[in-house]
Participant: 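Have a look at the structure that comes next, please.
It should be emphasised that the depicted structure is a prediction, and the values quoted were computed from it without experimental measurement. Every chain is numbered from 1 and lettered A, B, ... according to where its sequence line falls, protein lines coming before strand lines. These numbers come from the heavy atoms of this one structure, side chains and all, not from hydrogens, waters or symmetry mates.
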2 protein chains.
Amino acid sequence: MTDTTPRRSTKQREAVREALSASDEFVSAQALHQALRQDGSTVGLATVYRALAALAADGEADALQAGGEVLYRACTPTHHHHLICRSCGRTVELEAAAVEQWAGRVAAAHGFVEPEHVVDIFGLCAECAARRAADDAR
Amino acid sequence: MTDTTPRRSTKQREAVREALSASDEFVSAQALHQALRQDGSTVGLATVYRALAALAADGEADALQAGGEVLYRACTPTHHHHLICRSCGRTVELEAAAVEQWAGRVAAAHGFVEPEHVVDIFGLCAECAARRAADDAR
DNA sequence: GTGCTGTTGAGAACGATTGTCAATTTCGCC
DNA sequence: GGCGAAATTGACAATCGTTCTCAACAGCAC
């Protein structure tokens, strides 16, 4: 964790970084690999996994587990949380100073140190909610 | 999802429920299966998975993903969050009305409905922190 | 007890992720 | 610009947690 980063810049890593930035939703490593392949790239699956892990380690991407697979998303390097549509995957980055403080306070109150926290909100975005309402009515 | 619960009570399910209650940490399905086997039970791994999924669905257990596997823990049926020691696994249940409200408010502000949220704090409990400090000094 | 039906257990199947290793590419250095 | 060491890549195999399948079994109402 102490920045031992002898990272070499390669086409593949750049390609993964770009493909990730191109989406504003969380995507799986598998999906990203497929997308790259369809764009004519020849990257290997293992390389995509390695690149994503590197990006996540460098704080350039966020990772979250959902449904047995790990999803990645390019993100701002500052600490933040997510509001995610569970239907279309659209994601909003949230700042939550209040929650940060709460987490730190609660951890300290129980004698815990070095608190990290996972705070994500899943819901149905306005569009998906409307679409589902229409479907239900039909 | 609307409580179609024609659940039959069997020895195996009871055994899983008990084994889960016996621990106040999050445990993996695999670990629980091993523990049951060592107690002389003959439950199958698939049954443990099914029982745990059922308990989680009924709100009698909490599930969280960590390190590629799903961990379970018996819990109070009311909504709550967790403070978890990332070293020894000791867990404290938290109530967090403030966070609930924040989550609902933020979701609504972005037009999201039916918000669910994941809020967990990982840290090092006092004992583990002390132990690690001692190890580092050595 | 009898019968229907949900449940079980063993093992196979599955899917995501990680490891292996020879071939290739990057990058500091001359 | 060219060299060489070392990191990186890609194809494939291996691994690991979880789910599926299916015949045998057990709970519960009658």
Participant: So if I take every side-chain heavy atom of A:Leu45 and compare against C:dT17, D:dT18, C:dG19, which nucleotide ends up nearest?
Facilitator: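 Of C:dT17, D:dT18, C:dG19, C:dT17 is nearest to the side chain of A:Leu45.
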
Participant: Quick one: A:Leu71 CG to C:dA16 C1', roughly how many Å, whole number?
Facilitator: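 My rounded result for the distance is 12 Å.
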
Participant: The side chain of B:Gln12 lies closest to which of these nucleotides: C:dT26, C:dG9, D:dT18?
Facilitator: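 Shortest atom-to-atom distance from the side chain points to C:dG9.
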
Participant: Of all the nucleotides listed (D:dC12, D:dG17, C:dG9), which has the minimum atom distance to the side chain of B:Tyr49?
Facilitator: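 For B:Tyr49, the side-chain atoms sit closest to D:dG17.
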
Participant: To the nearest angstrom, how far is B:His33 atom NE2 from D:dT18 atom C1'?
Facilitator: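 Atom NE2 in B:His33 sits about 13 Å away from atom C1' in D:dT18.
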
Participant: Quick one, A:Val119 and B:Trp102 - any side-chain contact, counting heavy atoms below 4.5 Å?
Facilitator: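 Touching, per the 4.5 Å side-chain cut-off.
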
Participant: Less than 3.5 Å between a donor and an acceptor, one on the side chain of B:Arg8 and one on the base of C:dT5, is that the case here?
Facilitator: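 Yes, a donor-acceptor pair under 3.5 Å.
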
Participant: Starting the side chain at C-beta, find the nucleotide from C:dG9, C:dT20, C:dA16 nearest to A:Arg50.
Facilitator: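 Nearest to the side chain of A:Arg50 among the choices is C:dT20.
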
Participant: Rounded to whole angstrom units, what separation is found between the CG atom of B:Leu55 and the P atom of C:dT7?
Facilitator: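 Result: 13 Å.
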
Participant: Rounded to the nearest Å, what distance is computed from the CZ atom of residue B:Phe26 to the C1' atom of nucleotide D:dG17?
Facilitator: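 For the pair B:Phe26 CZ and D:dG17 C1', the rounded distance is 18 Å.
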
Participant: Out of B:Glu95, B:Glu93, B:Glu100, which one pairs with B:His81 under the side-chain hydrogen bond (donor to acceptor under 3.5 Å, both in side chains) rule?
Facilitator: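 Exactly one pass, corresponding to B:Glu100.
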
Participant: Would one find a side-chain N or O of A:Ser9 under 4.0 angstrom from OP1 or OP2 of D:dT8?
Facilitator: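 For A:Ser9, the contact criterion (side-chain N or O under 4.0 Å from OP1 or OP2 of D:dT8) is not met.
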
Participant: Roughly, in whole Å, what's the span from CG in B:Leu36 to C1' in C:dG9?
Facilitator: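 In whole Å, C:dG9 C1' lies 14 Å from B:Leu36 CG.
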
Participant: With a 4.0 Å cut-off, would you call B:Glu18 and B:Arg13 a salt bridge?
Facilitator: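 Result for this pair is no, no salt bridge flagged.
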
Participant: Please compare A:Arg13 and B:Gln30 by the position of their nearest nucleotide in DNA chain D and report the one closer to 5'.
Facilitator: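 Residue closer to the 5' terminus by nearest nucleotide: A:Arg13.
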
Participant: Between B:Glu69 and B:Lys11, which residue's closest nucleotide on DNA chain D lies nearer the 5′ terminus?
Facilitator: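 Taking each residue's closest nucleotide, the earlier one in sequence belongs to B:Glu69.
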
Participant: For A:Thr47, answer base if it contacts any base atom (sugar-phosphate contacts may also be present), sugar-phosphate if it contacts only those atoms, and nothing otherwise; contact means non-hydrogen atoms under 4.0 Å.
Facilitator: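 Base contact.
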
Participant: Could you check A:Glu25 against A:Arg73 for salt bridge (Lys or Arg N to Asp or Glu O under 4.0 Å), going step by step and ending with a plain yes or no?
Facilitator: CA-CA 6 Å; A:Glu25 314 172 358; A:Arg73 179 170 181 275; over 6 Å; no

Participant: Can you check whether B:Ser28 has a side-chain N or O nearer than 4.0 Å to OP1 or OP2 of D:dG17?
Facilitator: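 B:Ser28 to D:dG17 OP1/OP2: no side-chain N or O under 4.0 Å.
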
Participant: Work out which heavy atom in B:Phe122 is nearest to a heavy atom in A:Val118; give both atom names and the distance.
Facilitator: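 Residues B:Phe122 and A:Val118, closest heavy atoms: CE1-CG2, 3.8 Å.
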
